[in-house]
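Here is the structure we will look at.
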Amino acid sequence: MDELIKKAAADLAAARNVVALTGAGISTESGIPPFRGKGGLWERFDPMEIAHIDAFMRDPARVWNLLVKEMKTIVDSASPNDGHKGLARLEARGILKTIITQNIDGLHQAAGNTDVIEFHGNFAWQRCMDCSRKYQTSQVDISEVPPRCSCGGILRPDAVFFGEIIPPEAMRRSRQAAADCDLMLVVGTSAVVQPAALMPVFAKEAGAKIVEINPEKTPLTGQISDYLIRGNAGEVMNRILQQLEK
Ligand code: APR
């Protein structure tokens, strides 16, 4: 691992435009469970039964009771960990330009990153399905579900359900960031959900170096990524920053 930490620090120092793609793995050290693998949310629920727009349309109260309420409790009490803070420090050093995140927890912004593309939306807001008015999730009264807008419409998370498209502006900006970067850090994603998992492919095609940080291999490992640093994001980011500061 030491050699790869030194290599990553050298590659980051030499890079001109660094972009990061992040997934649920970077937030596990903040107490937010991942989706897949041991202890993942999809071990307990079938994602097509609970996180697909058709499931929400069929029975919004069920999705609110089983998924949204629980996520609200977890996300409301979570705070950034050393993985998030490490990316914020890379931005503060002028190395990291943009984060493309699949996460809906807002922890990158809470850590201090200023250019965060929320590829799957953000859970901090609920949106009315009739008039599109937005409400801060922390202000929504969930004693009765589904909660309603003042117009009477049902409120839904301002996040992307399976079966929905990626917000067009997020898609456009992410493709651009991937095409323009010369190094992409891929942190804490299983890289199995499209089209987010295509971003490292676009970056690679444009000549960028791809560096993965993950305790496990992914479909990118050995195919698209130049190397994988096997470890938890918090520890690995701390060690890379230490090396950069040397
Ligand atoms: N540090 C770094 N990586 C970690 C850590 C950690 N501390 N803990 C777990 N991981 C890795 C796991 O090995 C796994 O590869 O993070 C990854 C988490 O994968 P998923 O749970 O599949 O999360 P993600 O890739 O973000 O899922 C993509 O799927 O369910 C949908 O919309 C949801 O945005 C999500 C998308």
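Remember, it's 1-based here, ligands and their atoms both numbered in the order they're listed. As the structure is a prediction and not an experimental result, all values here were calculated from the model.
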Checklist entry - Of all residues at least two apart in sequence or in a different chain, which pass the ring-ring contact (aromatic ring centres under 6.0 Å, His included) check with Phe202? => result none

Next on the checklist: Restricting to ring-ring contact (aromatic ring centres under 6.0 Å, His included), what partner residues turn up for Phe45, sequence neighbours left out?
Outcome noted: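 Partners of Phe45 under the ring-ring contact (aromatic ring centres under 6.0 Å, His included) test: none.
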
Next on the checklist: Enumerate the ring pair (Phe, Tyr, Trp, His ring centres under 6.0 Å) contacts for residues 74-130, please, sequence neighbours excluded, ordered by first and then second residue.
Outcome noted: His84-His108

[Y]/[X] salt bridge by N-O under 4.0 Å criterion:
X      : Y      : result
Glu235 : Arg239 : yes
Asp115 : Lys97  : no
Glu245 : Arg93  : yes

Next on the checklist: Given a heavy-atom cut-off of 4.0 Å, could you list the residues near ligand 1 in chain and number order?
Outcome noted: Gly23, Ala24, Gly25, Thr28, Glu29, Pro34, Phe35, Arg36, Trp42, Gln102, His120, Phe162, Gly188, Thr189, Ser190, Val193, Asn214, Pro215, Glu216, Asn232, Ala233

